[in-house]
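Note sheet for the following structure.
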Amino acid sequence: MKRIFMAVVLVCFALAISAQIKVNYQGAKPNVTDLAWALVTYTSEDSDGENEAINVMRGALSRYRKGVAQPAGETLIVDQANGYIRYERKDGDHLQVNEMCYWNEADKKHKLFAHNVACYSNGKSDPGQYDGITFYRYTNATKRLDLYYGDLFYNLYASDVDAWNTFSLPRTGKDIVVTTWYQDGRKKQKTAKWNGTCFDM
């Protein structure tokens, strides 16, 4: 049931931000901060409400751009060299992780950009409303991000009955770690390997 709920949430979120997102940048190509800032500052006319995960990332990146420290209990890692951003917010035993990164596609015309949200309580997955991974495709020619509806990642969500997946984006390397959590407390991990065009499980 939780898996079905998460799928519905992701579809609703996807529909809310389905328009093209203009990416502004300086230099020859955008970096991860350019892509992230474009996403978190984009507002869809079709959106019924604000996405808390996007809001907190917007606040963290805004402070980063102004050179202002993050509040107590919040950390932000911006690794431009590896194309990776990680925001964490701790509140007691609760932890929210908000990650972004991108992959260069083999055609050299696109980048696949990911935004991943995962919530934990006492070290165990405790999915919130916006948990899950959303993909976008950046097109060099148009300088725009589009919500990605293709099949590069469908297998990432496959899990057993009464189980759900969380994801860890790569800070180094190219592969996603997929953790399957079970209602009985068990968990198992597998690696989704990026081959330049899709993720192999």
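The first residue in the sequence is number 1, and the count goes up from there.
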Looking at W37, I'd like to know if the NZ or CZ of R65 sits under 6.0 Å from its six-membered ring centre while staying within 45 degrees of the ring's axis. yes

Are any non-hydrogen side-chain atoms of I176 and S168 less than 4.5 angstrom apart? no

Give me the ring orientation class for W194 and F199: parallel if the planes are under 30° apart, tilted from 30 to 60°, perpendicular past 60°. tilted

With no hydrogens and no angle check, is any side-chain donor or acceptor of H94 less than 3.5 Å from a backbone partner on C119? no

Nearest atoms (heavy-atom pairs only) where K174 meets W103: O-NE1, 2.7 Å

Polar side-chain atom of N140 near backbone of K108 as donor-acceptor pair, under 3.5 Å: yes

May I ask you to test the I21-D146 pair for a side-chain heavy-atom distance under 4.5 Å? no

Carboxylate-amine/guanidinium proximity below 4.0 Å for R186 and D184: yes

Distance from T180 atom OG1 to K188 atom NZ, nearest 0.5 Å? 6.0 Å

Strictly distance-based, threshold 3.5 Å: is any side-chain N or O of D131 a donor or acceptor partner for the main-chain N or O of G128? yes

Considering only heavy atoms from C-beta outward, does the side chain of K109 approach that of T139 to under 4.5 Å? no

Set of residues satisfying ring-ring contact (aromatic ring centres under 6.0 Å, His included) with respect to Y84, sequence neighbours excluded: none

Beyond-backbone contact of Y102 with H110, side-chain heavy atoms, under 4.5 angstrom: no

Taking the side chain as every heavy atom from C-beta outward, state whether E88 and L95 have any pair of such atoms under 4.5 Å apart. yes

How many angstroms lie between atom NZ of K124 and atom CG of D93, to the nearest 0.5 angstrom? 12.0 Å

What is the distance from atom CD1 of I54 to atom CG of N98, rounded to the nearest 0.5 Å? 7.0 Å

One thing to verify: whether R58 and E52 come together as a salt bridge, which I'm taking to mean a side-chain N less than 4.0 angstrom from a carboxylate O. no

Just wondering, are more than 12 heavy atoms of other shown residues or ligands nearer than 6.0 Å to CG in D91? no

Got a sec: does the NZ of K22 have more than 12 other heavy atoms crowding it under 6.0 Å? yes

Keeping the roles fixed (side chain from N165, backbone from L156), state whether a donor-acceptor pair exists under 3.5 Å. yes

Side-chain contact, heavy-atom cut-off 4.5 Å: T191 with V178? no

Any side-chain to backbone donor/acceptor pair from E105 onto G196? Under 3.5 Å, distance only. no

Rounded to the nearest 0.5 Å, how far does CG of L112 lie from CZ of R137? 7.0 Å

Between CZ on residue R144 and OH on residue Y42, distance to nearest 0.5 Å: 9.5 Å

Regarding Y25 and N31, do their side chains bring together a donor and an acceptor under 3.5 Å, going by distance alone? no

Presence of salt bridge, K193 and D175, under 4.0 angstrom: yes

Hey, does the side chain of R86 reach the backbone of I77 with a donor-acceptor pair shorter than 3.5 angstrom? no

Between the main-chain N or O of A60 and the side-chain N or O of Q70, is there a donor-acceptor pair closer than 3.5 Å? yes

R63 and E74 ion-paired at < 4.0 Å: yes

So if you build clusters from Ile, Leu, Val, Met, Phe, Trp, Tyr with side-chain heavy-atom gaps below 4.5 Å, do L145 and V32 land together? yes

Distance from T134 atom OG1 to M100 atom CE, nearest 0.5 Å? 9.5 Å

Transitive ILVMFWY side-chain link L39 to V117, under 4.5 Å: no

Within-4.5 Å side-chain heavy-atom neighbours: Y87 and Q96: yes

Quick check: do Y138 and V23 have side-chain heavy atoms less than 4.5 Å from each other? yes

Under the 3.5 angstrom rule, does the side chain of N195 hit a backbone N or O of C198 as a donor-acceptor pair? yes

